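To find a chain, count down the sequence lines: A is the first, B the second, and so on, and within it residues start at 1. Just so we're clear, the structure is a prediction, and the values are computed from it rather than from any experiment.
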Amino acid sequence: MTMNKIEATTADAYKLIHDGVLALARAERQGIRIDLEYCEKKKHHLTRQINRLQKKIQDTKFYRRWEHIYGAKTNVYSNHQLSNLLYRHMKIEPMKTTVTGRGSTDEEALNRIDVPELKLILQMRKLSKVRDTYLDAFTREQHDGYIHPSFNLHTVRTFRSSSDRPNFQNIPIRDKESMRICRRALLPRPGHQLMEMDFSALEVHIAACYCKDPVLIHYLKDKNSDMHLDMAKQIFMFDELDRKIPIHAVLRQAAKNGFVFPQFYGDYYGNNSLYLSDWVKLPQEGRWKKGMGLLLPDGDYTSDHFINHGIKSFDDFTEHLKQVEDDFWNRRFKAYHKWRLNQVNQYRKKGYLKMFTGFTCSGTMRRNEIMNYPIQGSAFHCLLFTFIRLDEIMREEKWDSKLIGQIHDCIVVDAHPDEIDHVEETARKIIKEELPAKWKWIIIPLDISVDRYEVDSPWVIK
DNA sequence: GGAACTCGCCAC
DNA sequence: AAACGTGGCGAGTTCC
């Protein structure tokens with residue numbers, strides 16, 4: 001068989017890293033402006049809130065029981081102590097254990113225990129996370145009002161990037177309150193505005209480039225098709241769903257986060273079943289009774305709907321998802337499945353994996369790692385190339401706008417308002433023209449979505 | 001008193 | 001048979 005010469009070499013990979021390091025170093029030197037005064041004020045404010053919560057906890061019977069065991073060593077931040085208190089002294093059955101076999105005290109576990117004081121502990125954890133991991137890091141790492149996060153290209157097994165001091169790649173966004181508090185601290189330069197350019201579903205597009213699964217390609221190319229909605233129909237057994245209707249969109253979201261993505265990462269129906277039954281608020285033991293769970297599009301409760309379709313318990317639901325999974329890989333995405341099996345076989349034969357971008361993954365890998373590394377790495381390399389080219393053009397054309405960071409599939413720009421349209425156009429051109437010209441293996445058009453923040457306003461989503 | 005580990009939790 | 005990929009980081013704990 002003749003080699004289809006679309007794959008890059010190790011030398012190409014080296015060049016990408018070399019150019020990438022330089023481009024990222026320039027972004028590091030620019031830095032991100034922070035609102036120091038806000039950070040200090042907010043830290044004080046959070047400290048007062050945390051202290052109030054701590055006092056409230058210390059005023060309870062629960063705390064006195066804790067103190068009875070640990071005396072002067074009692075510490076409400078100690079999960080070790082909390083675990084002993086709940087699972088040894090109070091003899092509560094742990095819902096799950098940590099890797100070392102202790103009863104877990106994470107958010108999910110605490111939420112299942114009917115002790116009101118645990119809500120206060122969780123609230124304290126959330127506030128101290130924001131204060132200690134983010135605001136405190138910003139003020140500690142800042143110099144003249146700018147932080148300069150490092151972007152590393154030499155630390156990650158998949159040849160993705162990482163970021164540290166401070167980590168720019170894990171600033172809260174999902175939780176609205178944490179997002180507001182942390183991102184309020186990050187500002188554009190005076191007269192500028194922040195903008196983000198996100199690749200849309202980048203990893204899935206790259207996965208499709210690797211496996212060339214016609215069904216997956218169709219889902220990505222055809223705007224009228226919707227993979228997550230189709231999976232929601234199958235999982236929740238509806239003939240028709242419309243993503244524009246809120247409750248339908250909720251089921252779509254559940255299918256996406258509770259089935260499709262985990263499956264792509266190598267998860268299996270057993271975990272999907274736990275996640276999804278929890279999502280629709282149905283119990284994981286016993287027979288389901290009428291009137292349980294969320295209200296569904298057809299006006300029935302989830303349990304009624306499922307019972308009508310022959311699913312009468314959590315075990316039935318798990319069995320259903322087992323069939324959905326089987327259909328997912330052996331019918332719907334059978335070419336993707338075949339590619340995954342082939343990846344594993346190739347690795348077993350050769351002892352390493354080669355990415356389309358020229359990188360070699362070697363060392364011992366588990367099955368899921370084998371299937372994920374090339375996709376994750378190559379996806380990031382699309383971003384890195386775009387970042388390098390933007391940086392070059394920015395310097396050539398002497399933009400006042402500055403690249404300031406990158407979050408795996410998203411580029412963050414501190415943009416001058418007069419240039420912002422041009423920045424976006426330039427990025428689109430790179431992605432639509434240069435990238436597929438450089439890498440012929442990109443057989444599905446990539447796209448970006450752009451978010452613009454207001455002039456002189458922080459990085460807060462309305 | 002510091003290194004290494006555990007746990008939890010933030011992002012993609 | 002088993003079963004979710006990649007990171008960084010802070011606080012608590014344990015080890016030396």
* Most 5' of Y269(A) and S162(A) on DNA chain C, judged by nearest nucleotide -> Y269(A)
* With sequence neighbours left out, write down each residue that passes ring-ring contact (aromatic ring centres under 6.0 Å, His included) with F261(A), or none if nothing qualifies. => H228(A)
* Ring centres under 6.0 angstrom apart (F168(A), W459(A)) -> yes
* Asked: How about H18(A) and Y14(A): are their ring centres within less than 6.0 Å of each other?
  -> yes
* Between W439(A) and F356(A), is the gap from one ring center to the other below 6.0 Å? -> no
* To do: Would you indicate what R366(A) reaches in the nucleic acid, counting non-hydrogen atoms under 4.0 angstrom: base, sugar-phosphate, or nothing?
  => nothing
* Asked: With a 4.0 Å cut-off on heavy atoms, is G270(A) in touch with a base, just the backbone sugar-phosphate, or nothing at all?
  -> nothing
* **Covered region of DNA chain C, 5' end to 3' end, by chain A [heavy atoms, under 4.0 Å]** => dA3(C) to dT14(C)
* Does the ring center of F306(A) lie less than 6.0 Å from the ring center of F314(A)? -> no
* To do: Have a look at Y373(A) and say if it touches a base, only the backbone sugar-phosphate, or nothing, with a 4.0 Å heavy-atom cut-off.
  => sugar-phosphate
* **Side-chain (N75(A)) to main-chain (Y77(A)) donor-acceptor, under 3.5 angstrom** => yes
* Asked: Can we call the ring centroids of F328(A) and F333(A) under 6.0 Å apart?
  -> yes
* Asked: Across the strands shown, which category fits N75(A) at heavy-atom distances under 4.0 angstrom: base, sugar-phosphate, nothing?
  -> sugar-phosphate
* Structure fact -> Each nucleotide of nucleotides 5-12 of chain B classed B (base within 4.0 Å of a protein heavy atom), S (only sugar-phosphate) or -, in 5' to 3' order, makes -SSSBBSB
* Go through the steps for Q49(A) and Q123(A) under the test side chain to side chain donor-acceptor pair (under 3.5 Å), then give the verdict. => CA-CA 10 Å; Q49(A) 279 181 283; Q123(A) 186 64 16; over 6 Å; no
* At under 4.0 Å between heavy atoms, what does S128(A) touch on the DNA or RNA strands: base, sugar-phosphate, or nothing? -> nothing
